[in-house]
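Input: a single structure, listed below in structure tokens.
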Amino acid sequence: GCGGSDDAELAGSWDEILEAANEEGEVVIYGTVAPDNLELLKQAFEKEYPEIELTYVRGTDADILPKVEIENQTGQGTADIHMTTDAGWIDRSLDAEYSVEVVGPSFDEEAYDRDASIIEDKWFVTSATVFGLAWNTEKLPEGLADPEDALASELAGGKVGVTNPAGIPTYVDMYRKIDVDFGENYVERLAEIQPRVYDSAVAIGQALASGEIWATPMSSSTVLTEKANGAPVEFVVPEKPFGVPWYSHVLSSSPHPNAAQVLADFLVTPEGQAAISHDFIACLPDIEGTGLGTDLQAQDVPLGDADELSSDAVQAYQDEWEQAFLG
Amino acid sequence: MMASFRISGLSKSYGSNVIVDDLDLEIDEGEFLVLLGPSGCGKTTTLRCLAGLETPEAGRIEFKGQAVYDSSARLNVPAHKRSIGMVFQSYALWPNMTVRRNIAYPLKVRKMKDAIAAGRVEETAEMVHCGHLLDRYPSQLSGGQQQRIALARGLSARPDLVLFDEPLSNLDARLRDQVRTEIHRLHESLGFGAVFVTHDQSEAFALGDKLAIMRAGTIEQLGTPDDVYNNPATDYVADFIGMSNRLELRRSATGWQTGDGVDVLVHRDLPDAEAVVARIWPEDVQLHRGNEPLPPHAVALSASLLSSEFGGRHYDVTVAAGSEEFRLRADAATHGSWLRSSTAGEPVAISFRPDQMQVYPLGEVAVDRPLVAAS
Amino acid sequence: MMASFRISGLSKSYGSNVIVDDLDLEIDEGEFLVLLGPSGCGKTTTLRCLAGLETPEAGRIEFKGQAVYDSSARLNVPAHKRSIGMVFQSYALWPNMTVRRNIAYPLKVRKMKDAIAAGRVEETAEMVHCGHLLDRYPSQLSGGQQQRIALARGLSARPDLVLFDEPLSNLDARLRDQVRTEIHRLHESLGFGAVFVTHDQSEAFALGDKLAIMRAGTIEQLGTPDDVYNNPATDYVADFIGMSNRLELRRSATGWQTGDGVDVLVHRDLPDAEAVVARIWPEDVQLHRGNEPLPPHAVALSASLLSSEFGGRHYDVTVAAGSEEFRLRADAATHGSWLRSSTAGEPVAISFRPDQMQVYPLGEVAVDRPLVAAS
Amino acid sequence: MLGVDLQRWRSRLFYGALVVALGYLIVMPVWRLQTLAFENDAAGYESQFGRPDIGETLRTTVGLAIASLVIAMVLGTLLAYATSRLPRRVGFLRIIPVLPIVMPSVANVVGWAFLLSPGPGYLNALMRQLPWWDHLDSGPVNVYSSTWIIIITGFGLTSFVYLFVSAGMQNISSEHLEAAQSSGSSQLGVFFKVVLPLLRPSLVYGGGVALLLGLGQFTGPLLLGQNEGMKVLTTEMYRRTSESPVNYAAAAAAASPLVIVGILVVLSQRFLLGNQARFVTHGGKSFAPAGGRSYWAAFFVGLYGFVALVLPLLGVLIVSLSPYWSENLSWDLFTLQNYREMVRTPGVMESVSTSVVTSLAAVAICVPVGLAVATLVVRNRHLTVVRTIADVITALPLGLPAVIFGVGFLLTYTQPPFILYGTKWVIILVYIVLMIPFATRMQMTALISMGNTYSEASAVSGASPLVTSLRVTLPMLKPAVLSAVALMFILLTHEFAASLMVRSATTQVMGTVLYDHWSNGSYTLVAAMAILMSAVTAAGVMVAMLVGGRNVLDNL
Ligand SMILES: Nc1ncnc2c1ncn2[C@@H]1O[C@H](COP(=O)(O)OP(=O)(O)OP(=O)(O)O)[C@@H](O)[C@H]1O
Ligand SMILES: Nc1ncnc2c1ncn2[C@@H]1O[C@H](COP(=O)(O)OP(=O)(O)OP(=O)(O)O)[C@@H](O)[C@H]1O
Ligand SMILES: [Mg+2]
Ligand SMILES: [Mg+2]
């Protein structure tokens, strides 16, 4: 791949980089993190670097990954930094020269733990999400204490919501993990109570708020936003939660290579974390508004195994899953 | 004979426009009535009220003594339950059905299976000389053939009353004559009652047992063709049926004279009128070359030639006499040779007998005859 | 006078259908030529080739000595570069333009600004008596008014040649007469060359300086109306122009006789023919009541009454004489009263003078006159 | 001397170039897709058609299309008949059957979900107040069942069928119906024996289009069909393009049956419409069914409007005003928060302007191109080959789901010779391709019904062909053009299936923003966005009506 435009080159020292970044004046991030967090990030970053305007683009991996690839192929870069949870793609990208090394000083802060956090000096852990138990407090006032409660017979026949893993490696990974972590044959027993199937975690959150379903063992923490809006929902992280870390990298097709480094650096500062990891798991300790009531840190959440998540493996699991849940 | 179909006090408006205005009309059994009138006078609307395709506001319509519409009894028999046939200007043959199915349709929907079995379809097609076209589609027929099939369709169920809405006006001159004669003969042999709408006076004269001349939603004159031709009731009727020559007369010391001061003898008593209008048929006006002697006792006017059109045994000549234009028919044998070589503007004279004039009070008022009674 | 517009050897086919077949025609300057023929004979196609709207396969068309189409030179001047005006059957006024803009259009696109400034639009509108309609849209006009405006549009640029494609056939009877007279007068005052297509023979006779009767893509007869009326070249022409009475004659020992054995004197020399067909105009046939004495020296046939239609000063009567049907005009004054009370089937007689017959060899062959030469 | 030939060659050259350009634009993306699907020994086909559930998928696709087609045909025809019988006083009701297309299909589907979701659906909640249902705690209607997906899809297609059928009805002269009535047919008899048979061409054509739309139906199965695992070809294509890694080859393969059916339908329509003479009813007066006008018709049209338009819109509106989707409605919960948030979200307002700009640009290009193609097909019968190709090519996009073009464009315009990715141009190009059939067909119909005489009258008046088209043809086509513009604007501002593929992250249109909200955000924002889209579309239509008069929608 070729880099950004000709006049966009990375400056020498960090100070020069900062100066060049101000010159560049803008930076673009693509991410799959919730839009609210990206908005918080924008505000925090522009407060810290008033001369640089941050633009964010929120999309699913299916949306964003092809675009990143195409921008790299064509050399028509738009994005500077890209943030994803797709382990397989991260793995493949290391051979494809999609990324440049990160140079910011914050990566070397002790609290960040560079060795545990950065892959090949390019991909750095940024945040993490965990899936938890959630319920509608009007329909189910007593709530859920652990995953086993979601299998109660009164919830059988469409009062529990689950996500369709169709083609999404992360969800396949989740089903495999909770089948062990949530108790013996958890997935099989879950299928037996005939839960309602949704296309995404977001859809489950909406259904929960509306009372269409009463509970779910696999809610994303974004239901907390609904809760803040007054919706009758509650969310807890179970003992052995399933989670996914977000990794970010600076793109080699970046049109603003200096600003990109500055933003990368900012992401792993406490200010950056307070924004990007709000209601998620931060990659630094003790950040206000993060952690979801646990003391987990993003580095504790392992990245999926790229081999187990090959498209053949995902397809095979999908067939199995459909047999159990929709068959 | 008792009137078989009777319309009384019929009124119909669209919004605030009164289209049919308290109209009375009777059609005897087997009678062929022609409704003649200018565009927009309400002919079609009247016909559609008769058919039941339009709902009038007031009045009563009787078919053979039975009311099919009565505003006071709130009765309105729908179109498909009246025994009618209808022939439209645009033929309105169903393009997706063969000729046979088109003609058979009225029999089928009226469940007249016996008639179909007895060959009524073929018989009716034969009557309009289209027996060989039964398996074609309408789009494969000429206009004249289509209109004949439409006629057959209107007649196949042998309805009591057949309604024609300008069925000939889409046909060209020669076909028009043929289909007209066809209709005439069919009527004579089948004897249905008929109402025929047209605004072509020659059609009306040729076909009608009786003529009704309509004007703005009412009947201005009802009579036999002969009666209407020779004694048009009003100036309006005279104008409409083609009595196109018009001469205004004013009372003079001795009697009546034209604007140019020519004395004209008027055979009618017109005590109150100060000015009248006289109407003369083009056929009754004689043409004279400038130097010819003029006939005695005739009204003679000097004029100048405007144009002449060859018509076979006659010429249609237009002349200007004073401020009026006159149309007349000049015999080709007598006038042909000089007319052909004459040019516009050539001085001529015209004459007509005073008793060939119809005289009406000036103005657009409808009047009863004799005029004395109207004054 | 030299022919101003000349068509020679014109041919045009659609696929394998030859529509116009090696046709020759000349139109003199200021001449009004009427193309008369049955539907589908190629009148419109010929007209469109003249206009440049259709590309012929072969032949040559000259406008005032200049070729505008020549198949051998591969020359084809497009329609908009020929100096023509055209009046369509369907008016074809542009509905989105006012009358004024419609009439001004030919001047504008030909960049004749001076003429517009000089008031040509108003003048032309005045000529068709529509000066007061200039600011209306076509949809606000009656059919007759629309056709007048179409006329004005066709004339406003004062083209050399004006083409009319059945401009009157969408108008009703009374309007047709009016607009026809209008066209006649405009032609006399402006003197343009004109080709007028119609299949109405009375229109053709009334308007034409010359008549061309077409048949299947060729000209069957070309002559003045008078000439065509009195001496139709062929049986086909005679039939088409309305000489509808037809009598087949066979050679007998003494001369010629009808199928029923009535002797008929034929004034022409017909050495080879065994059978001929005679044509007689309806106007030339006399009607006689059963008991009347028949005129001497006339061909007299006994017949039975079929139907009669009132026509004002005359009746259109159809009778059956032997196996033939005859149409004739009976004077209303003489025959009116008994005709009105007569019924179909009543025995009558008809007669006509032998010199009023046109005689042609039997069969559909086109022949030149005198018949002797054709045999 | 060379006049004839030169002129011929000039028009041949012009139309040839036009057809080549259109061919590249329309055929190339499909070609690219197929190349991809056949790569590596047709690995794409193998991966898509080797799936165990492919039979089920195909059956569902066909079943959904046919069942919803039947609903749409019946409703569309009845509506067309009913609107022709509206009492004069409520004649304005006749625009109701086309109004549902002003609402984006996502909004429509989501609206129904809000209303009829078995648990919190507002209508279900209402129905559970009724005595015979008060024992239920969910239902009685389950909008996620295939029955209801079919019904909702059928409703969505009804407007299209209506457009074709009512246009067909306008062409039946009233005398044909009165002839049947005076022959003794009752009103019902007239409808079945005369109206329906005469409508056959419109029914075949409208049915063909609705069938293709039904086969390409995406929103309903995707948004509502998850529960029961409903799979149709389009959702499969979507899955293949949204899994990781993206499998474009399999998506392309999944599209193939649709491409084939699409081409077949387009060709057979062409064939059927070629023999239309038997159905043309000439004659002056336009369709006005016999037997007068009826308030039942008004009631029926009104009811349809209420069910197909007002109800789902109401559902969406309520949700857009709520802080979260809930079955419990109370006035004090209503808030404009969602709208405020929507306006604040970066990109939303830009997406409105991008949508409007790209749609207008596409429309502005489509109109003259469509006119040129229509002129070629209608008026240049001597260019046999070119005109046949043009006719088929321009009908093609109607037969193919927009997603296909989206993917095809993504593949085509990210490679030389034209690298347009990331620009608005690629969106405009897709939009042009999607709309070419409408632009062409509508102008073609207008040209045909206009006839040749108007332009011939201009030619003999001395106007060259160019002057004629500028001064006569175009002004006379104005109503048809405006209607086409209105329809294209509506469809384009709602577009998201193709836009999703070719948008770049910073060039968003309204449809893609709505989609993003749907997949990442909350339904309340989706609802607000849907209302915004409807408002923008309605505003566009209003402008068209201001320019073109009230009957812009009637002329559709
Ligand atoms: N459906 C309608 N709504 C409103 N006005 C109408 C309607 N039908 C007819 N009219 C008006 O009623 C008047 C009479 O119409 P009608 O069709 O009866 O006339 P007509 O005598 O048949 O004329 P024509 O010879 O042109 O057919 C006309 O002025 C017409 O504009
Ligand atoms: N574009 C065409 N393609 C094929 N055949 C045609 C075309 N135009 C005309 N014809 C055929 O050519 C023949 C002559 O047509 P034309 O229009 O010249 O006849 P016409 O004498 O004007 O008849 P009418 O009096 O009916 O107008 C007809 O048989 C017609 O079917
Ligand atoms: Mg009428
Ligand atoms: Mg013609």
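By convention in this document, chain letters (A, B, ...) are assigned in the order of the sequence lines, proteins followed by strands, and residues within each chain are numbered from 1. Atom set for the values below is all heavy atoms of this structure, side chains included, hydrogens, waters and symmetry mates excluded.
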(message) At a heavy-atom distance under 4.5 Å, which candidate from C/P95, C/A51, C/G85, C/S90 has the highest pair count against chain D?
(response)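 Among C/P95, C/A51, C/G85, C/S90, the one with the most close pairs to chain D is C/P95.
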
Distance-minimising heavy-atom pair for [X] and [Y]:
{"X": "C/V109", "Y": "D/R471", "answer": "CG1-CD, 4.3 Å"}
{"X": "D/Y454", "Y": "C/L93", "answer": "CE2-O, 2.9 Å"}
{"X": "D/A457", "Y": "C/A92", "answer": "CB-O, 4.1 Å"}
{"X": "C/Y105", "Y": "D/T468", "answer": "OH-CA, 4.2 Å"}

(request) Please report the C-alpha distance between D/V467 and C/H80 in whole Å, then the side-chain angles of each, then the deciding distance to 0.1 Å, and finally whether the side-chain contact (heavy atoms from CB on, under 4.5 Å) criterion is met. (result) CA-CA 10 Å; D/V467 174; C/H80 64 275; over 6 Å; no

(request) Could you tell me the separation between the CE atom of C/M97 and the CE atom of D/M476, rounded to the nearest 0.5 Å? (result)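 It is 9.0 Å, given to the nearest 0.5 Å.
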
(request) Supply the atom-to-atom distance D/S461 OG to C/R110 CZ, rounded to the nearest 0.5 angstrom. (result)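 Rounded to the nearest 0.5 Å, the OG-CZ separation comes out at 6.5 Å.
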
(message) Could you check whether any side-chain N or O of C/R82 sits under 3.5 Å from a backbone N or O of D/V460, counting only pairs where one atom can act as donor and the other as acceptor?
(response)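 A pair under 3.5 Å: no.
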
(request) Measure distances from C/L53 to the heavy atoms of chain D and classify the residue's part below 4.5 Å as side chain, backbone, both or neither. (result)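 Looking at C/L53, just its side chain touches chain D.
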
